[in-house]
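Comments concern the structure below.
All values derive from a computational prediction rather than experimental measurement. Computed from heavy atoms alone, side chains included, the values below leave out hydrogens, waters and symmetry copies. Residue numbering restarts at 1 for every chain, and letters A, B, ... go by the order of the sequence lines.
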Number of protein chains: 2
Amino acid sequence: MRSAAKSSAAKPRRRATAPKPYHHGDLRRVLIDAALQLVGEGGAEAVSVREAARRAGVSPGAPFRHFPSRDALMQAVAEEAQRRFRAEIEAALAAAPGDPLGRFRCLGLAYLRWAMRNPTHFEIISSRRFFDHDRADAISRDNAELIELTERTLAEAFAAGQLRPADLKQVQIAGRALVYGFARMNIDGHFPRWGVAGPEAERTAEAILDLFIEGIASRP
Amino acid sequence: MRSAAKSSAAKPRRRATAPKPYHHGDLRRVLIDAALQLVGEGGAEAVSVREAARRAGVSPGAPFRHFPSRDALMQAVAEEAQRRFRAEIEAALAAAPGDPLGRFRCLGLAYLRWAMRNPTHFEIISSRRFFDHDRADAISRDNAELIELTERTLAEAFAAGQLRPADLKQVQIAGRALVYGFARMNIDGHFPRWGVAGPEAERTAEAILDLFIEGIASRP
DNA sequence: TGTGAATGTAAGCACCGATTACACGGATTG
DNA sequence: CAATCCGTGTAATCGGTGCTTACATTCACA
């Protein structure tokens with residue numbers, strides 16, 4: 001089951017002379033990457049500290065020098081995923097100027113697309129189940145900035161007369177629930193007809209986003 | 001191959017006393033209830049076969065006479081939860097006649113309320129992660145009937161001229177995504193201001209549902 | 001250059017899911 | 001009534017997991 005593939009030999013190494021440096025170059029980074037890969041392969045449940053250590057070519061106890069617990073590792077993984085998520089959305093939004101409502105649409109589309117193309121990564125940044133509830137952390141911070149971005153865009157759209165009168169806070173929550181729900185349903189297997197990703201899924205995602213936008217837009 | 005019945009039997013243990021019945025009355029039922037309780041206490045991850053057996057007052061191996069694996073137990077638990085979910089929604093809908101769009105609103109409200117008041121139960125019926133993907137099972141069947149109910153109600157509303165022209169299939173998916181997303185965000189801790197349940201949460205749920213309905217309703 | 005701190009190793013604990021061999025006892029049947 | 005069979009529970013055990021502790025090695029800085 002476990003294909004050892006003993007001759008990995010592809011490990012990034014700084015030191016050419018030493019065949020096997022006792023100290024790993026950047027074990028923390030490598031562990032996060034291995035865990036990210038595990039998440040991508042089998043979901044969050046598939047991540048085990050031992051397996052991450054195995055892939056990093058290191059003993060089972062080594063990761064605990066960098067992460068006090070499995071949850072801490074998962075949290076670091078989620079922070080990395082959230083960072084990528086936010087970066088991609090902001091990039092999409094920056095590359096798509098235009099009227100505020102159109103920008104809102106781009107925002108939603110980028111959200112949906114990333115979630116559908118990175119389902120397991122979306123899953124771990126979605127659920128707070130994996131983390132200590134005490135720490136709001138970088139995840140909530142990143143998330144808060146995304147929410148703020150959404151609210152700003154909506155406010156601009158309203159100021160431009162593109163929205164019908166409504167409580168913008170509620171519009172923001174409803175929009176968030178819509179895209180979150182669609183992404184999550186997709187991941188959770190509620191649309192058996194298509195896979196988690198694929199043209200039909202993305203077309204439907206676009207359609208329901210447009211339906212929502214038509215619902216909140218001011219009409220002639 | 002079965003039973004050598006080798007020696008002269010000679011029962012190693014006499015039946016000195018029978019303080020409690022060897023055979024549990026209905027272990028399967030009791031195990032499902034114990035697991036449901038565990039889900040209610042600490043989420044789906046908190047369910048272990050051993051703990052369920054412990055609470056049923058039975059040895060760690062006993063549950064495997066009724067469920068071939070932990071997943072099978074979880075599936076039975078999810079089926080029970082889904083049964084209750086569907087029953088409550090249908091009851092709420094039956095008790096609330098009126099115009100089709102109003103019935104649609106009742107449907108959504110019952111969905112949201114149940115999800116917010118039984119968050120961990122909603123969680124296990126939401127994610128297909130716990131089950132064999134092969135089996136569509138009673139869960140999908142119940143879910144399909146709920147979807148059908150939604151579609152029927154929407155079609156009635158459209159026939160009554162209460163909806164603006166739109167693809168009803170997309171409206172149904174969007175509506176489902178909205179309530180699913182709100183319920184899931186609530187459970188997943190995206191609304192730190194209020195708890196998973198509570199008056200403010202239910203008020204907000206009602207508000208975004210109304211926002212959505214206004215968006216799809218025909219306007220004068 | 002020597003030394004302490006950082007980092008990885010090895011061994012082991014408790015818990016878990018799952019399997020297997022066996023013990024019990026109620027229901028069936030002659 | 002009595003023998004038996006099989007559904008059901010027990011006990012022991014296996015491999016895997018998170019996590020801790022004691023120890024070994026190497027790096028970085030005085």
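The distance from atom CD of Glu51(A) to atom C1' of dG18(D) is 14 Å, rounded to the nearest whole Å. Between Leu38(B) atom CG and dC16(C) atom P there is a gap of 11 Å when expressed in whole angstrom units. Distance, Arg70(B) CZ to dC15(C) C1': 14 Å, rounded to whole Å. One interatomic measurement links the two molecules: CG of Leu27(A) to P of dT9(C), which rounds to 8 Å at whole-angstrom precision. Rounded to an integer number of Å, the gap from Phe67(A) CZ to dA6(C) P is 17 Å. As rounded to whole Å, 14 Å separates atom C1' of dA18(C) from atom CG of Leu73(B). Regarding Met74(A), its CE atom lies at a distance of 15 Å from the C1' atom of dT17(D), rounded to whole Å. Nucleotide dT8(D) holds its P atom 10 Å from the CG atom of Asp26(B), rounded to whole Å.
Using a 4.0 Å heavy-atom cutoff across all strands shown, Arg28(B) reaches no nucleic acid atom at all. In this structure, Ser48(A) reaches the sugar-phosphate backbone alone: every heavy-atom distance under 4.0 Å involves primed, P, OP1 or OP2 atoms, never a base.
Residue side chain Arg50(A) reaches the base of dG18(D) through a donor-acceptor N/O pair under 3.5 Å, judged by distance alone.
With distances taken from any side-chain atom of Arg54(B) to the nucleotides dT10(D), dC16(C), dC19(D), the minimum falls on dC16(C). In this structure, of dT10(D), dC19(D), dT8(D), it is dT10(D) that holds the atom nearest to the side chain of Ala62(B). Residue Val49(A) places its side chain closer to dG18(D) than to any other of dG18(D), dT9(C), dT10(D). Each of dT19(C), dT10(D), dT20(D) was ranked by its minimum atom distance to the side chain of Phe64(A); first place goes to dT20(D).
His190(B) and Asn143(A) get closest at one heavy-atom pair: CD2-ND2, 3.8 Å.
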With side chain to side chain contact (heavy atoms under 4.5 Å, CB included) as the criterion, how do Leu149(A) and Leu107(A) come out once you've worked through the C-alpha distance, each side chain's angles and the decisive distance to 0.1 Å? CA-CA 9 Å; Leu149(A) 191 60; Leu107(A) 184 62; 4.2 Å; yes

Notebook entry, point to check: What do the steps show when you test Phe191(B) against Thr204(B) for side chain to side chain contact (heavy atoms under 4.5 Å, CB included), and what is the final call?
Noted result: CA-CA 11 Å; Phe191(B) 300 127; Thr204(B) 305; over 6 Å; no

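To the nearest 0.5 Å, the span separating CG on Leu93(A) from CD on Glu88(A) amounts to 12.5 Å. The distance from atom CZ of Arg84(B) to atom NE2 of His121(B), rounded to the nearest 0.5 Å, is 6.5 Å.
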